[in-house]
Student: 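Below you will find the structure I want to go over with you.
What you are looking at is a predicted structure, and each value in this text was computed from that prediction instead of being measured. By convention here, the first residue in the shown sequence is residue 1. All heavy atoms count here, side chains included; hydrogens, waters and symmetry mates do not.
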Amino acid sequence: QLQLAESGGGLVQPGGSLRLSCAATGFTLDDYVIGWFRQAPGKEREGVSCINYRAGSTNYIDSVKGRFTMSSDNAKNTVYLQMNNLKSEDTAVYYCAVIIQGRWGSWGQGTQVTVSS
């Protein structure tokens with residue numbers, strides 16, 4: 001069974017940092033494309049970043065470029081999202097997902113990130 005679990009969210013002040021974790025069970029992450037998504041209250045869910053192991057590439061939406069960085073720890077079968085210089089607009093529930101058979105799936109329960117003074 002393919003499962004993902006997010007953790008690492010919390011309350012931070014503007015300009016602060018957090019590192020989110022996405023732990024996978026049932027499959028090896030480095031064989032797939034892994035993405036981070038977020039959904040703010042009253043907003044549609046949006047993609048934030050993804051890592052493509054086959055292509056050796058990492059992509060980010062413009063609003064987080066230079067502030068967010070994805071990385072992975074193969075020994076722990078975990079991917080991370082390092083978030084620096086956080087802004088209030090980053091407040092959302094953050095999810096990770098994997099592309100399987102052409103579709104994003106295996107969504108976790110999400111982790112809340114709140115940026116407020």
Student: Each residue besides Y80 in its hydrophobic cluster should be listed here, by chain and number; the cluster joins Ile, Leu, Val, Met, Phe, Trp and Tyr at side-chain heavy-atom distances under 4.5 Å.
Tutor: none

Student: Measure across I61 and R38 and return the closest heavy-atom pair with its distance rounded to 0.1 Å.
Tutor: CD1-NH2, 4.2 Å

Student: Under the side-chain contact (heavy atoms from CB on, under 4.5 Å) rule, collect the residues that match up with S17, sequence neighbours excluded.
Tutor: Q82, N84

Student: Please report, to 0.1 Å, the donor-acceptor pairs under 3.5 Å made by any side chain of residues 103-112, with sequence neighbours excluded.
Tutor:
unit_1	atom_1	unit_2	atom_2	d
T111	OG1	G9	N	3.0
Q112	NE2	A92	O	3.4
Q112	NE2	T114	OG1	3.4

Student: How far does OG1 of T25 sit from CG of L4, to the nearest 0.5 angstrom?
Tutor: 7.5 Å

Student: Let me check something: do V115 and V64 share a hydrophobic cluster, defined by ILVMFWY side-chain heavy atoms less than 4.5 Å apart, either directly or through other members?
Tutor: yes

Student: Does L11 belong to the same Ile/Leu/Val/Met/Phe/Trp/Tyr cluster as L81, with side-chain heavy atoms less than 4.5 Å apart forming each link?
Tutor: no

Student: What distance do S49 atom OG and Y94 atom OH have between them, rounded to the nearest 0.5 Å?
Tutor: 9.5 Å

Student: For the hydrophobic clusters of this structure (ILVMFWY residues joined by side-chain heavy atoms under 4.5 Å, transitively), does one cluster hold both Y60 and V33?
Tutor: no

Student: Rounded to the nearest 0.5 Å, what's the gap from CD on E6 to OH on Y95? Could you check?
Tutor: 8.0 Å

Student: Under the side chain to side chain donor-acceptor pair (under 3.5 Å) rule, collect the residues that match up with Q3, sequence neighbours excluded.
Tutor: none

Student: Given V113 and M83, is the side-chain contact (heavy atoms from CB on, under 4.5 Å) satisfied, shown in steps?
Tutor: CA-CA 10 Å; V113 172; M83 305 186 295; 3.8 Å; yes

Student: Identify the heavy atoms of P14 and S117 that sit nearest to each other, and give their distance.
Tutor: CD-N, 3.7 Å

Student: Anything under 3.5 Å between a donor and an acceptor, one on a side chain of residues 70-77, the other on a protein residue two or more places apart or in another chain? List them.
Tutor:
unit_1	atom_1	unit_2	atom_2	d
D73	OD1	A75	N	3.1
D73	OD1	K76	N	3.4
N77	OD1	L29	N	3.0
N77	ND2	A24	O	3.1
N77	ND2	F27	O	2.7

Student: Looking at CH2 of W36 and CD of E46, how far apart are the two atoms once the value is rounded to the nearest 0.5 Å?
Tutor: 14.5 Å

Student: Let's go through F68 and V48 carefully: what are the C-alpha distance in whole Å and the side-chain angles of both, what is the deciding distance for side-chain contact (heavy atoms from CB on, under 4.5 Å) to 0.1 Å, and is it a yes or a no?
Tutor: CA-CA 9 Å; F68 291 10; V48 176; 3.9 Å; yes

Student: Should F37 and I99 be counted in the same cluster of Ile, Leu, Val, Met, Phe, Trp and Tyr side chains packed under 4.5 Å apart?
Tutor: yes

Student: Which residue pairs satisfy the disulfide bond (SG atoms under 2.5 Å apart) criterion with at least one member in residues 60-89, sequence neighbours excluded?
Tutor: none

Student: Taking 4.0 angstrom as the limit, do K87 and D90 come out as a salt bridge?
Tutor: no

Student: Decide side-chain contact (heavy atoms from CB on, under 4.5 Å) for S63 and E89; before the verdict, give the C-alpha distance in whole Å, the side-chain angles of both, and the deciding distance to 0.1 Å.
Tutor: CA-CA 9 Å; S63 62; E89 67 188 51; 4.3 Å; yes

Student: Evaluate N52 against Y32 for side-chain contact (heavy atoms from CB on, under 4.5 Å), listing each step before the verdict.
Tutor: CA-CA 7 Å; N52 185 326; Y32 297 90; over 6 Å; no

Student: Between the main-chain N or O of Q39 and the side-chain N or O of R45, is there a donor-acceptor pair closer than 3.5 Å?
Tutor: no

